[in-house]
Amino acid sequence: MKEYSNKDIKNVVLLGSSKSGKTTLSEAMLYEGKVIDRRGTVEDKNTVSDNDELEKVNQRSIYATPLYAEFMGKKVNIIDAPGSDDFVGGAISAFRVCENGILVVNAQQGVEVGTSSWIRSADKHKIPLIVAVNQLDGEKADWETTIAALKEELGRKMIIVQFPIATGAGFNGFIDVLTNKYYNFKDANGTREDLDIPADFADQAEMTRQELIEKAAEFDDSLMEKFFEEGTLSEDDIRKGLSLGIRNCEVTPVFCVSAKKDIGVKRLLEFTKNVALSPDVDDTKPASLFIYKNMLEPHLGEVSYFKVMSGVITPGIDLEDPETSNKERFSAIYAVAGTRKEPVDSLRAGDFGCVVKLKNGKSNTTLSAIGSGIVQEKIVYPAPKFRCAIKAKVQQDEQKLGDALKKISSQDPTVVVEYSKELRQTILSGNGEQHINIVKTRLVNEYGVQVELFAPKVPYRETITKVATAQYRHKKQSGGAGQFGEVHLLVCPAEGELNTKFKIDGKETILNVKTSEVTDLEWGGKLEFYNCVVGGAIDLGFMPAILKGIKERMVEGPLTGSYARDIRVFVYDGKMHPVDSKEIAFIIAGRNAFKEAFRNAGPKILEPIYNVEVMTPGEYQGAVMSDIQNRRGILGDLGSDKGFSILKARIPLAELYRYSTTLSSLTSGSATFTMEFADYQPVPGDVQTKLLAEYEAQDKEED
């Protein structure tokens, strides 16, 4: 392979809903780019992309696959991104390293929720899009409906470059108003005839071309002036204007394709070559690269996929991670098309490649010339939407499981693994149940670990709702030195202004605060601790011990063993012994006095509440709303956006287990959602009663 400079490189991510035909399109692009001489199919499980065994079995993209095509003197790097929201991490990684996106829309399905999501994501990441309306040869293909939906979604950005003469089984060509030609395809291998536009479509073609010219002229004053003077623009002028509009994400051109029959793919590549953005990089600066993907591959081991961000990468180069100073030497570098890896002598800034068996080459990592200090911005992945608890079926495999999960998470950062000391569970989180099931399959097949997945415990919190007092005397005498400590304390909710007037033992009492300490608890909320002891009943030196005992008790609340929070504690009296009072005695006395007071202070269990936003086709709105209410959810704002309903709700985390699966079932896979922690709120009385009973039964079992 020859060496390409950044001006001859185009980096493109293929986006679209599942079944839109991205993998089939990528196969045709590789065929047109002479990387392959025969196109495979998803059904035959022999495509260059979707080459992993799991992808072949499921017949869908699970991983983002890097590819390339050498086309008319240019190199087009392609990342075939998964369409399912469960595997969105691959697309997010691609957004970080690609300057352009090709949005594949299934003409038989039109604009789906996934289509809308990709448009929004591309807009968020400032990735300009080219739309390829695919499967125009399908029997249910509907060009007009698809274009109307795209127009509603994209607004003034959308501009038609091509339109079909016929759809369905009769689709064998289209009119291209940029080149002013009719392209007729004679077979299913991309063999085309460049013909004049048929007379029956001349008026439609002229009107569409005029709209294209006017759109192109918008982005350059000189083009606008020329258009006013001459009433038209040349083909090169139009390309120049569209390129400027694409650069600013202000225009989205629409093309016609049948990826399966290789109709229109060459024209799409021609436009990409001529108009899409090249990487804005500098190959004269010190070398640096960004690793956007990391995979464990059969017969190769760990493979790190990267984009050269500056300078030139060559075999034998020494780089370092500027954040850790870990050094890496590249023994060989490769250009990548799926499993095909071609050794190359160099890769210049803007190009894609891979390297095998780096010591520390994990995804989302910069490697740069030693001492250069170049660090690239990291990828920010969306928060997980599905969480479960995981454990090895065989206790002896727990360490093996932990190591395997660590490796999988390093390869796919959207797989989040954490051990919760609070819940005493390993929590596995991902983008959906399918995502987690893929992790489970990998654990079994690649790492030989049999696992169980189950609903995680909920991180409840405990607090109090009223004032209570308690006292506890710890006295221990066992022959030698004794232990003695007595603590009298009062608890109340930590809310509002500080009040020191209380009724204690039937008497109105004003507590005089001597010292205070406010602790922001690591699990949320706070503990306010006030020393109000008078007359030297307890030495000031024992106050830290009392506070320590209270904090120990708050780690395992008296109701359900959950963390306690938002409590004020006033220590107002107690007793000491001149010989036997020790720190341990006041730790125990403080802990037990707090436990008793807590139980008498209207204890309440709090549960985590999440803000959930669902985007669904309007036809499923009622079913989604009903399901939310069945989950104890409180519906909020109800809106609409370009044909889709937007539902906002507050839902307890306890009710969100497997929500992504249920939502997919309710809406035939056409809805998406996001969830974000909001706050803690008291559980309803019946739920608290149930939780207390479950905790009591669990205690008895453990005893």
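Being a predicted model, the structure only gives us computed values, none of them experimental.
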Trainee: Would you say that Ile546 contacts Phe529 through its side chain, given a criterion of any heavy-atom pair below 4.5 Å between the two side chains?
Mentor: yes

Trainee: How are the rings of Tyr305 and Tyr292 set relative to one another: parallel (under 30°), tilted (30 to 60°) or perpendicular (over 60°)?
Mentor: tilted

Trainee: Which residue pairs pass the side chain to side chain donor-acceptor pair (under 3.5 Å) test when at least one of the two sits in residues 595-610, sequence neighbours left out?
Mentor: Glu607-Arg632

Trainee: Can you name the residues that form a ring pair (Phe, Tyr, Trp, His ring centres under 6.0 Å) with Tyr657, not counting sequence neighbours?
Mentor: Phe386

Trainee: Using the side-chain contact (heavy atoms from CB on, under 4.5 Å) criterion, which residues pair with Lys575? Sequence neighbours excluded.
Mentor: Arg473, Phe484, Glu486

Trainee: Applying side-chain hydrogen bond (donor to acceptor under 3.5 Å, both in side chains), name anything that partners Thr365, two or more places apart in sequence or on another chain.
Mentor: none

Trainee: Using the side chain to side chain donor-acceptor pair (under 3.5 Å) definition, which of the options Ser372, Ser310, Ser368 pairs with Ser288?
Mentor: Ser310

Trainee: List the atom pairs, with distances to 0.1 Å, where a side-chain N or O of residues 490-499 and a protein N or O form a donor-acceptor pair under 3.5 Å, not counting sequence neighbours.
Mentor:
unit_1	atom_1	unit_2	atom_2	d
Asn499	OD1	Lys501	N	3.2
Asn499	ND2	Lys501	O	3.2

Trainee: Please determine whether a side-chain nitrogen of the Lys or Arg among Glu320 and Lys327 lies less than 4.0 Å from a carboxylate oxygen of the Asp or Glu.
Mentor: yes

Trainee: Mind checking what makes side-chain hydrogen bond (donor to acceptor under 3.5 Å, both in side chains) contact with Lys378, not counting sequence neighbours?
Mentor: Glu323

Trainee: With sequence neighbours excluded, tell me which residues meet side-chain contact (heavy atoms from CB on, under 4.5 Å) with Ser429.
Mentor: Pro384, Arg387, Val416, Ile427

Trainee: For the atom pair OG (Ser121) and CD1 (Ile127), what is the distance rounded to the nearest 0.5 Å?
Mentor: 10.5 Å

Trainee: Assign the ring pair Phe673 / Tyr659 to parallel, tilted or perpendicular, where the plane angle (0 to 90°) is split at 30° and 60°.
Mentor: perpendicular

Trainee: Using the rule side-chain contact (heavy atoms from CB on, under 4.5 Å), only one of Thr366, Leu289, Ile370 pairs with Leu319; which is it?
Mentor: Leu289

Trainee: Residues in salt bridge (Lys or Arg N to Asp or Glu O under 4.0 Å) with Asp539, at least two apart?
Mentor: none

Trainee: Is there any side chain to side chain donor-acceptor pair (under 3.5 Å) pair reaching into residues 506-518, and which pairs are they, with sequence neighbours excluded?
Mentor: Thr515-Asn531

Trainee: If you look only at pairs with a residue in residues 436-447, which of them pass as a salt bridge (charged side-chain N to carboxylate O under 4.0 Å, His left out), with sequence neighbours excluded?
Mentor: Arg442-Glu446

Trainee: Does the distance from a Lys or Arg side-chain N to an Asp or Glu carboxylate O, for Glu422 and Arg461, drop under 4.0 Å?
Mentor: yes

Trainee: Does anything in residues 425-437 form a salt bridge (charged side-chain N to carboxylate O under 4.0 Å, His left out)? List the pairs, not counting sequence neighbours.
Mentor: Glu433-Arg658

Trainee: Can you list every pair that meets ring-ring contact (aromatic ring centres under 6.0 Å, His included) and has a residue in residues 533-564, with sequence neighbours left out?
Mentor: Trp523-Tyr563, Phe542-Phe586

Trainee: Looking at Asp86 and Lys385, is any side-chain nitrogen of the basic one under 4.0 Å from a carboxylate oxygen of the acidic one?
Mentor: no

